[in-house]
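Working notes, structure below.
The figures here come from the full heavy-atom set of this structure, side chains too, leaving out hydrogens, waters and symmetry mates. Each chain gets a letter, A, B and so on, in the order the sequences are listed, and its residues count up from 1.
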Amino acid sequence: MYSDKVMDHFMNPRNVGEIENADAVGQVGNPKCGDIMKMYLKIEDGVIVDVKFKTFGCGSAIATSSMATEMIMGKTIEEALNLSNKAVAEALDGLPPVKMHCSVLAEQAVKSAIYHYAEKNGLYFKELEGFDPDADEDHHHDEESCHI
Amino acid sequence: MYSDKVMDHFMNPRNVGEIENADAVGQVGNPKCGDIMKMYLKIEDGVIVDVKFKTFGCGSAIATSSMATEMIMGKTIEEALNLSNKAVAEALDGLPPVKMHCSVLAEQAVKSAIYHYAEKNGLYFKELEGFDPDADEDHHHDEESCHI
Amino acid sequence: MRKKVYLDYSATTPMKKEVLDEMLPFFNVQFGNPSSIHSFGRDNKTAVAKAREQIAKTINAASDEIFFTAGGSESDNWAIKGVAYALKEKGKHIITSKIEHHAVLHTCQYLEKEGFEVTYLNVDAYGLISLEELKAAIRPDTILITIMFANNEIGTVEPVKEIAAMAKAHGITFHTDAVQAYGNLPIDVKELGIDLMSISAHKVYGPKGIGALYVKKGTKLHPLIHGGAQEKKRRAGTENVPGIVGFGKAAEMAFEDLEGHMESLISKRDRLIQELKERIPFMHLNGHPTKRLPGNVNICIQFIEGEALLLSLDMVGIASSSGSACTSGSLDPSHVLMAIGLTHEVAHGSLRITIGDFTTDEDIDYVIQQLPPIVDRLRQMSPLFEKVKGGN
Amino acid sequence: MRKKVYLDYSATTPMKKEVLDEMLPFFNVQFGNPSSIHSFGRDNKTAVAKAREQIAKTINAASDEIFFTAGGSESDNWAIKGVAYALKEKGKHIITSKIEHHAVLHTCQYLEKEGFEVTYLNVDAYGLISLEELKAAIRPDTILITIMFANNEIGTVEPVKEIAAMAKAHGITFHTDAVQAYGNLPIDVKELGIDLMSISAHKVYGPKGIGALYVKKGTKLHPLIHGGAQEKKRRAGTENVPGIVGFGKAAEMAFEDLEGHMESLISKRDRLIQELKERIPFMHLNGHPTKRLPGNVNICIQFIEGEALLLSLDMVGIASSSGSACTSGSLDPSHVLMAIGLTHEVAHGSLRITIGDFTTDEDIDYVIQQLPPIVDRLRQMSPLFEKVKGGN
Ligand SMILES: Cc1ncc(COP(=O)(O)O)c(C=O)c1O
Ligand SMILES: Cc1ncc(COP(=O)(O)O)c(C=O)c1O
């Protein structure tokens with residue numbers, strides 16, 4: 001079902017945990033739908049110098065969180081914002097079709113953290129235009145529609 | 001499916017053939033329905049001294065014809081008329097339910113032969129009361145109703 | 001031991017050893033439910049996918065157009081009821097033929113009781129439907145044409161491509177019961193234009209209790225068995241993994257050398273027909289002489305009755321049938337033999353000998369040697385034959 | 001080789017060796033079609049009759065009340081649609097519960113689209129239906145009550161006898177899906193008053209792809225699969241002889257010492273529940289503590305998600321499930337867990353461990369040893385657990 005890479009990142013996830021006094025924290029997902037991702041960033045001079053995550057969710061949710069943290073570590077904010085869910089999935093040698101939404105969550109967790117960071121620091125990133133950190137919650141008014 | 005007795009009488013039928021100048025001949029059944037029995041009797045002093053049959057039909061039709069000839073051989077006409085289909089079937093150690101009509105045909109073939117004998121010789125047998133040698137044919141106006 | 005010659009391949013086939021070998025691990029080693037996430041189940045998902053691919057290949061279908069069922073009868077029921085209920089708002093008229101297998105006929109008759117209308121096409125003396133009659137039967141409310149690929153009793157092969165083309169021209173779904181044709185004739189569903197096709201494993205040296213329905217992508221069809229999400233939610237029930245794996249292997253093997261298989265059967269078939277004709281008077285072949293299943297011999301032997309013939313053959317170890325195996329519970333002559341215009345008397349004397357991959361030339365010789373004296377013996381007992389002899 | 005512990009017996013069971021041994025000859029030696037007259041077929045008729053008798057005995061039915069199908073799903077579909085269409089002139093209302101298997105639920109939902117009305121009874125926190133609610137749901141046009149014998153996810157055993165009595169008092173046909181109960185609980189269909197009952201072989205160490213429907217004599221029921229005269233004309237299709245023979249043997253074996261089987265499973269089950277409770281905080285048992293299948297353990301482990309749990313267990317060789325195996329294709333939390341009132345969050349953390357005849361005490365020990373650290377590890381990663389710890 002899962003690639004070896006997914007299983008590796010699930011069994012040995014990188015960067016699990018919290019960052020005390022993180023510069024940016026973002027959380028996406030909904031416990032109703034069975035997955036929540038929380039991302040902590042430490043940012044220095046526009047560069048992500050540390051990142052941690054906590055995830056409640058299935059194997060691929062944990063694996064994509066782990067992979068996403070690896071992919072943005074040491075990157076600039078702009079680079080991190082350009083991280084696409086497809087790139088995360090590809091880095092994991094692919095995900096089963098029903099699990100692609102997990103990679104979307106990972107992308108959004110990063111964006112959400114940076115969104116709050118930008119808000120707090122009065123910064124503007126064109127990559128965040130149109131991004132709504134609460135969009136995911138809204139999706140779920142209809143409980144039937146988790147993971148569409 | 002069939003008892004050993006049935007298979008024996010089917011594979012080695014007794015009294016197959018015709019009797020030239022038979023005293024009594026009876027035929028019942030209908031080729032449409034897949035079985036015809038023809039019974040030939042030689043009768044002396046009210047006793048059946050010889051009997052032969054020819055049958056077009058399934059295994060149990062042949063076996064019941066054979067068994068019926070054995071059972072009436074040497075018997076008086078009255079005794080032969082009292083031969084019931086159940087007795088024939090029992091003598092064969094039973095027949096499958098769907099094949100019970102074959103034993104009925106055997107009983108009727110005997111009755112039919114004696115019926116014509118009685119007609120020709122102006123005899124009366126109370127056992128034949130109500131017997132209609134053509135009844136079987138009548139059943140089959142409706143082609144669907146072979147072997148009810 | 002007494003000689004045993006199995007010549008009833010159209011009723012069912014022995015499973016090939018290679019098929020059994022493939023199946024064995026799935027009974028108690030790799031036994032998991034394919035829907036499960038753990039390793040016992042995951043491997044089986046792969047095994048099922050492989051079998052689906054094996055079967056798809058043999059008929060030039062995509063593997064996601066193959067849906068496993070419990071056999072030919074379920075496939076027929078699913079296809080016919082599935083289309084009928086899915087399209088009932090569009091129309092309620094179905095066209096079929098008079099010589100279909102009971103799995104098709106009785107399903108159609110059931111639908112008649114439920115408010116559908118069914119036209120049963122006639123066939124000619126060979127068992128072929130008429131394309132003109134089919135065309136004339138098509139109505140604006142016709143939703144389904146279901147005509148068998150090849151007949152199980154008399155072996156006649158119907159003009160499937162032409163029927164499919166006509167169905168397509170009128171926007172009507174076309175189903176064909178290919179239970180007998182599959183593995184015995186080349187079938188390219190795309191080239192032939194088939195929308196739905198029923199097949200069954202036990203007719204091609206695979207296991208009993210497993211079949212498939214080919215469903216062309218986009219075909220509207222209600223499920224017959226609702227429930228779990230198996231078979232892409234179109235046919236529920238825990239997958240019969242050993243059966244599916246066995247079917248896959250059997251399918252693959254059946255098409256490894258289809259040409260060779262056909263040639264070998266046809267030559268044995270035609271020799272048997274020829275030799276019997278020369279030895280048995282008042283006998284004739286049912287079905288079409290050439291548009292016919294490679295392994296099918298169906299003859300009527302006059303003045304005697306089929307069951308007596310079967311029993312006598314069985315006593316010398318030859319297994320054959322008289323009419324469809326499925327109908328042997330009934331005593332009415334076969335509806336197929338009636339449809340090709342035989343009288344009841346003649347139809348009662350029908351004998352079907354169907355040959356297959358394990359049939360040898362010696363087996364054919366054995367039948368040629370054994371059948372004529374049996375016919376003689378039974379005719380000597382028959383009051384119908386008497387008259388014929390008298391007339392000689 | 002890595003340790004492998006199969007604890008998903010409710011999804012499917014490995015076939016017992018004795019069952020396979022019984023089946024083997026029917027694949028390619030005694031392989032005939034039971035409908036055939038010749039010796040290859042005749043013997044198989046006997047084999048099928050024997051299996052029918054074996055199964056009938058286990059539930060105190062007459063053997064002509066047992067009809068073979070392709071599995072539990074087909075049996076459920078047949079029973080429900082069969083009664084619905086047979087009695088639709090009398091009424092179009094059906095009563096079932098919210099915790100039925102999808103084979104029942106989706107069939108009922110299909111019938112709703114076809115013009116029937118269905119009442120889905122609630123269950124309490126244990127998964128038990130309420131007899132009062134059932135009584136209140138009965139209408140003059142109610143034709144069928146279908147309530148499962150025991151639930152496949154949480155193991156709860158329903159008050160079948162009382163339901164049957166109520167159905168009978170109102171002249172309503174009663175069907176029960178006993179796919180999980182059969183072989184794990186004593187079932188006397190006469191004493192319980194059951195009209196129709198679905199069972200499936202692969203849940204009792206028999207083959208996949210074979211099941212049965214018990215049909216009490218006189219029960220009005222349309223066929224689901226029309227065609228040949230098999231199964232007394234009520235279920236068409238060449239008999240899956242090896243499957244049927246295997247089912248017969250498996251049934252016989254399952255009831256040789258049902259008491260012993262139950263005792264052994266219950267003691268392992270209760271020990272596992274107890275030990276896990278002591279080791280894992282924020283965990284609770286789903287389903288009824290005693291009115292429960294002997295082999296069923298179903299727990300919710302808060303703050304973590306079921307699939308992650310399953311995968312982690314799989315990595316140490318433990319096969320288990322989260323919700324019904326059939327529903328694992330979907331990502332929605334199980335409808336059963338919703339029906340007993342769990343929140344989505346909690347339901348997502350469900351784990352079903354089902355034990356069976358090959359489960360040893362060491363297997364139980366292994367789970368007790370392996371599960372708690374896995375839970376710990378996943379909770380350490382969970383943002384939901386964070387808060388709880390904070391609150392401590
Ligand atoms: C309660 C219940 N009903 C029906 C079924 C369906 O049985 P099968 O998978 O044999 O079709 C199952 C198992 O999947 C079940 O647990
Ligand atoms: C033409 C045809 N259709 C359907 C069937 C039914 O297939 P099954 O017995 O696998 O259900 C058969 C064989 O019995 C058949 O010959």
Exercise. Which residues in residues 22-32 of chain C have a heavy atom less than 4.5 Å from any heavy atom of chain D?
Worked result: C:Met23, C:Leu24, C:Phe27, C:Asn28, C:Phe31, C:Gly32

For this session: Decide yes or no for D:Lys4 and C:Ser39: does some side-chain heavy atom of the first lie under 4.5 Å from some side-chain heavy atom of the second?
Result: yes

Exercise. Is there side-chain contact between D:Glu307 and C:Ile37, with at least one heavy-atom pair below 4.5 Å?
Worked result: yes

Exercise. At their closest point, which heavy atom of C:Asp8 faces which heavy atom of D:Ser36, and how far apart are they?
Worked result: OD2-OG, 3.3 Å

Problem set entry | For the student: nearest non-hydrogen atoms of D:Ser73 and C:Gly237, plus distance | OG-CA, 3.2 Å

Exercise. What option among C:Arg235, C:Gln109, C:Lys208 has the most heavy-atom pairs under 4.5 Å with chain D?
Worked result: C:Lys208

For this session: List for me each residue that meets salt bridge (Lys or Arg N to Asp or Glu O under 4.0 Å) alongside D:Lys88, sequence neighbours excluded, and say none if there are none.
Result: C:Glu114

For this session: Please identify each residue that fulfils salt bridge (Lys or Arg N to Asp or Glu O under 4.0 Å) with D:Asp43, with sequence neighbours left out.
Result: none

Which atoms of [X] approach chain D - backbone, side chain, both or neither, heavy atom under 4.5 Å:
{"X": "C:Leu105", "answer": "neither"}
{"X": "C:Thr69", "answer": "neither"}
{"X": "C:Ser320", "answer": "backbone"}

Problem set entry | Parallel, tilted or perpendicular: ring planes of D:His222 versus C:Tyr110, cut at 30 and 60 degrees | perpendicular

Exercise. C:His102 side chain to D:Gly227 main-chain N or O, any donor-acceptor pair under 3.5 Å?
Worked result: no

To the nearest 0.5 Å, what is the distance between [atom1] ([X]) and [atom2] ([Y])?
{"X": "C:Ile318", "Y": "D:His38", "atom1": "CD1", "atom2": "NE2", "value": "11.5 Å"}
{"X": "D:Cys108", "Y": "C:His226", "atom1": "SG", "atom2": "NE2", "value": "11.0 Å"}
{"X": "C:Thr238", "Y": "D:Lys203", "atom1": "OG1", "atom2": "NZ", "value": "4.5 Å"}

For each of [options], tally heavy-atom pairs with chain C at distances under 4.5 Å, and name the one with the top tally.
{"options": "D:Gly209, D:Ala319, D:Ala70", "answer": "D:Ala319"}
{"options": "D:Ile80, D:Asn240, D:Thr13, D:Asp76", "answer": "D:Asn240"}
{"options": "D:Lys81, D:Glu239, D:Glu74", "answer": "D:Lys81"}

Exercise. Does the side chain to side chain contact (heavy atoms under 4.5 Å, CB included) test come out yes or no for C:Leu224 and D:Asn77, once each step is laid out?
Worked result: CA-CA 8 Å; C:Leu224 182 67; D:Asn77 274 259; over 6 Å; no

Problem set entry | C:Lys232 atom NZ, over 12 foreign heavy atoms within 6.0 Å | yes

For this session: Please name all residues satisfying side chain to side chain donor-acceptor pair (under 3.5 Å) with C:Glu100, sequence neighbours left out, ordered by chain then number.
Result: C:Ser97

